Amino acid sequence: MERGYSKFTAAAEKTEEAAHSGRIRPAVAVVVAVAAVAAAAGMWEYSHPWHEGKERNGRRKCVEVGGLAVLHRVGLQRFRSGTAAGARVQAKCPQCGCTNEMTMELRRSMTCNDSSLENKMVIEQEELRAPTAAEMGFDKEPFRLGSLAIVVLGATGDLAKKETFPALLDLLAHEYLPPQVVIFGVGRTKQDTGTFREWLQPWLVKSFAGQMKRCKEAMPNFLKRLTYFSANYDSQEDFARLALTLEAEETQMFLEASGKAEVPSEANRVFYFAIPPFAFLAAASSIKATCLSSSGFNRLIIEKPFGHDLSSAKSLAKDLGALYEEKHLLRMDHFLGYEICQNILSVRFGNAFLEPLMNNQHVAAVRITLKEDFGTEGRGGYFTHYGIIRDVIQNHLLQMLTLVAMEKPCNVGGDVRDAKVAVLKAMMDIDPEDPAGLGNGKPGYLEDDSIAEKDREKAKHCATFAQLVIRIDNDRWWGVPFIVRAGKGLEESKCEVRIQFKERHRDPRLFPEACPPRNELVMRVSPHEAIYLKFNMKTPGLSTSVTTTELDLSYNHRYEEVYRPLAYTRLILAGVRGEHESFVRDDELIRAWELFSPLLEKIEDGKKEVLKYPFGSRGPAEADEVLSKFNFIWNKTYAWKAPMPFSASGMDPSPSPAPHMGGAAPRPSGRRKALLIGVNYFGTRAELRGCINDVHNLYRLLTETYGWPGHCIKTLTDDGRGNGGMPTRQNIGQHMSWLSDGAQPGDVLFFSFSGHGAQKEDPHGYEEDGMNETILPVDFERAPCLTDDEISDIIVKRLPEGVRLTGVMDCCHSGTGLDLPFTWDMRRGMWREEVNPFHSMGDVLMFSGCEDDDTSSDAAGMYAAPGGAMTTAFCDVLRRNPRPIYPQLLQLLHQHLNRGGFSQRPVLSSTQQWLV
Ligand SMILES: NC(=O)C1=CN([C@@H]2O[C@H](COP(=O)(O)OP(=O)(O)OC[C@H]3O[C@@H](n4cnc5c(N)ncnc54)[C@H](OP(=O)(O)O)[C@@H]3O)[C@@H](O)[C@H]2O)C=CC1
Ligand SMILES: O=C1O[C@H](COP(=O)(O)O)[C@@H](O)[C@H](O)[C@H]1O
């Protein structure tokens, strides 16, 4: 049987008509993300694919003009670019000189004033517009006038490479840091600056920060001012040497940047502590003794954990307090830097309708959640001594709670932190007897190799999940439970604040069936930043019954074009500017420890049972069961779905220059995610038989042949049995986002779609054959199909350098189904670049079932169970030979399909020209 759809827009009747006229083509679309295979590397292991440092611009049609990405297309009248809707775009004709300026809309097209010259146009495309330092009003602040040094201690560590240095690059790229800034990485490791720069470079650009291009351009400037300095944190001699080097670099950079001959009158220094907490005091003492600037300001940004319990926190505060005044210390809680957390006070106090509802008259319960779908993963050693309460509840979630519950700052003296401390003081000690849940993921945490043998017993009392209740003893909140819940190894990742309002009394005339469900105001921190209100209304249409929906402010929809800095970028800038309100004050911290101490002691004495929960579940079932005791009603009939970003629902990005990449391969992170989609279109005229089997087949391949844990694989199948739900357009889009969300260098991803593939006209003319490739969701008769541009937007383009995604597309017209720029030419043994290539940073490879103008087959009868010819071949070949190199794999697929009598020719495409 064939799997295919020549025009997804065809209604069912047209489908039949088309089938009779022979226009329907078979298709099975399977996109599989498999780790790259270099000659000797394992199929799922990481290895760097490209020629080091070699740019592969090939025949790209892009040039750089005035620092802006300029797309020069010849032979086309219409243009679309990846610029977000709402952004300003300039189109300039190089021949007649006319310039058209317009605001990007979903469908953008421009023509030259002189129609005879319409084939020679240039689009200048801007990245997200970020305000300048002057527009933000901080261009004349002290840190921009004198010299500025930012010294990162623990420069070789995980936090520094993943967050601190990328944030500093982002700040420099936006010119928020002044041109005279110097950046020092300090660590005990002995190495020179060149080696350090080379190691750090692959970590620096975070493509999902939305400012990839700008950051890449700023990279040479960043690296130029980055120095590595080797020092022991407790050695005053080392820090005295550091002081001398700092002074020399600061002066030199200041003179160079200002073009003046005088040395700066003020030297400002920020020391960022990305070191383990036991090294804090030694480092702080060494800095104090030798390294402080005698002019300008000195600031220390310190990362959590701030102590281990009340007494250690007090003694750390006392010891640090003996060295530095509070105004020098900035305790960072990175959740305070999240856009939504920054917005809580504006939403609460800026909306006249909301503030009067924020009290025990109207609010039934508040729940604050941080769920993570990964485990302790190599941090088991640390976790045994900290546990989930110390790791995220006592700090991150409590900080969010204080913002939700505090009074307006002006009512308590003006400083936000005074208001936070006031509400913290009104919180009652957490009752260790409360029937809250504590849990320990299994298998998972207890099997973590990084737990020392001696700690194995202790680990049994260490919670990786906790749900507890905080009560506030003041007029506003008395009686309202604040349920705080966090866990690792759960069924999903998300962070949110959910304010549940009390229901109104039921009016039987208006609502004869039942009282409408409770309203909820949800502030979704991640993923898919949003603020939405669960809202009851009449079901649209003839029905008069009540349905629950939402008023949804999803940031990706509404503010896609707005530069929203990542949490670390925002907080480091705040720290450099000395904005203390975004940091945690010592009295907040001490009160936070006081609140949790009784509960922590009880857990550690083994007096509180730590329940087991399966990895990938919602946590211990008991935690859900007790919710109703806390007056929280879980409305299971309704779930909010994040809308797809515009860029994934109508925009079409421009071809882009090949990125310049190189450097060492990232260390494998051990993180894997797979998304397998199979649609049989049951009960429709387009019904197929083998797509769900394809999902099972690939699932077994991943878990059995390559040892992937089942919990990192999501399946969407239209028999309703997949763990991710039905493969509707909306759900497919959301799961694609899940796949690429938060991908970090060293991650390995796998994505598959098995169902109908089709083509539709490319309105922008980028495709060589004039057609976009599409895949059909199960609801294809109501919802649009997903185009290759959309899939590329959601998955491919969001991946940073060093993330491996391998795909197999086993469907009609699937050859360029992910729009990757390079295709392997088997005959010539070389890569061929697309005419209008769409380059991106991630390492994406895709095996397609056939060429764009060809079909793929549903191999019913050929194998024991129906399945896609391509998927079946793919799994068979890899089971026999799990470590082929890619072109070899392609060859084997050809042979396998040939032997099976299939004429389809599989295609290998890629974002990079892999070494073969
Ligand atoms: N990683 C993260 O995402 C987050 C981390 N944090 C906190 O930030 C701090 C740093 O975290 P992270 O980067 O993960 O930690 P790492 O374990 O990666 O350590 C950071 C650096 O500190 C140095 N170091 C390690 N052990 C010692 C030691 N025994 N004595 C002195 N120096 C040592 C090492 O550099 P060298 O050997 O070169 O000196 C290392 O590269 C910690 O306090 C952590 O709790 C907070 C939030 C998130
Ligand atoms: O501080 C920590 O936070 C992270 C969660 O923060 P996110 O910004 O990555 O969502 C948590 O995973 C980690 O265990 C904890 O130490």
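When a residue number appears, it is its place in the shown sequence, counting from 1. These numbers were taken from a predicted model, which means no experiment stands behind them. Just so you know, ligand 1 is whichever comes first in the structure, and atom 1 is the first atom listed for that ligand.
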Under 4.0 Å from a heavy atom of [X]: which atoms of ligand 1 are those, numbered in the order shown and with their elements?
| X | result |
| --- | --- |
| Pro305 | 43 (O), 45 (O) |
| Ala274 | 9 (C), 10 (C), 20 (C), 21 (C) |
| Gly187 | 38 (O), 39 (O) |
| Tyr233 | 31 (C), 32 (N), 39 (O) |
| Thr156 | 34 (C), 35 (O), 36 (P), 38 (O), 40 (C), 41 (O) |

Check: [X] N/O within less than 3.5 Å of ligand 1 N/O:
| X | value |
| --- | --- |
| Tyr228 | no |
| Thr189 | yes |
| Gly157 | yes |
| Lys304 | yes |

I need the nearest protein heavy-atom contact for [atom]: residue, atom name and distance, please.
| atom | value |
| --- | --- |
| atom 16 (O) of ligand 2 | Asp391 OD1, 2.6 Å |
| atom 2 (C) of ligand 2 | His396 NE2, 3.4 Å |
| atom 21 (C) of ligand 1 | Gly154 CA, 3.7 Å |
| atom 18 (O) of ligand 1 | Asp158 N, 3.1 Å |
| atom 12 (O) of ligand 2 | Glu372 OE2, 2.5 Å |
| atom 19 (O) of ligand 1 | Pro276 CD, 4.2 Å |

Is the shortest side-chain N to carboxylate O distance from [X] to [Y] below 4.0 Å?
| X | Y | value |
| --- | --- | --- |
| Arg672 | Asp747 | no |
| Glu588 | Arg331 | no |
| Arg570 | Glu339 | yes |
| Glu496 | Lys371 | no |
| Arg798 | Asp741 | yes |
| Lys327 | Glu579 | no |

Please report whether the ring centroid of Tyr563 lies less than 6.0 Å from that of His174. yes
Any chance you could lay out the side-chain contact (heavy atoms from CB on, under 4.5 Å) test for Val484 and Leu398, step after step, and finish with the verdict? CA-CA 8 Å; Val484 183; Leu398 188 66; over 6 Å; no
Name the option, out of [options], that contains the heavy atom nearest to [atom].
| atom | options | result |
| --- | --- | --- |
| atom 13 (O) of ligand 1 | Val186, Ile275, Leu159, Asn395 | Leu159 |
| atom 7 (P) of ligand 2 | Tyr386, Tyr338, Tyr382 | Tyr338 |
| atom 28 (C) of ligand 1 | His396, Gln191, Arg188 | Arg188 |
| atom 47 (C) of ligand 1 | Glu163, His334, Glu303 | Glu303 |

May I ask whether Phe278 places a heavy atom under 4.0 Å from ligand 1? yes
Does a side-chain heavy-atom distance below 4.5 Å link Lys314 with Trp593? no
Reference residue Phe184; test side chain to side chain contact (heavy atoms under 4.5 Å, CB included); the match among Val152, Ile150, Leu242: Leu242
Does Phe383 have a heavy atom less than 4.0 Å from any atom of ligand 2? no
For [X], the ligand 2 atoms whose distance to one of its heavy atoms is below 4.0 Å:
| X | value |
| --- | --- |
| His334 | 1 (O), 3 (O), 6 (O), 7 (P), 8 (O) |
| Lys488 | 11 (C), 12 (O), 13 (C), 14 (O) |
| Lys304 | 1 (O), 2 (C), 15 (C), 16 (O) |

Indicate the atoms forming the closest heavy-atom contact of [X] with [Y], along with that distance.
| X | Y | result |
| --- | --- | --- |
| Tyr386 | Gly307 | CE2-O, 4.2 Å |
| Leu310 | Ser597 | CB-OG, 3.6 Å |
| Ile302 | Phe273 | CA-CB, 4.2 Å |

Where the side chain of Tyr228 meets the backbone of Gly187, is there a donor-acceptor pair that is under 3.5 Å apart? yes
Contact bool for atom 39 (O) of ligand 1 (protein heavy atom, d < 4.0 Å): yes
Is atom 15 (O) of ligand 1 touching the protein, meaning some protein heavy atom lies under 4.0 Å away? no
Ring of Trp738, cation from Lys714 - is the NZ or CZ under 6.0 Å from the centre and inside 45° of the axis? yes
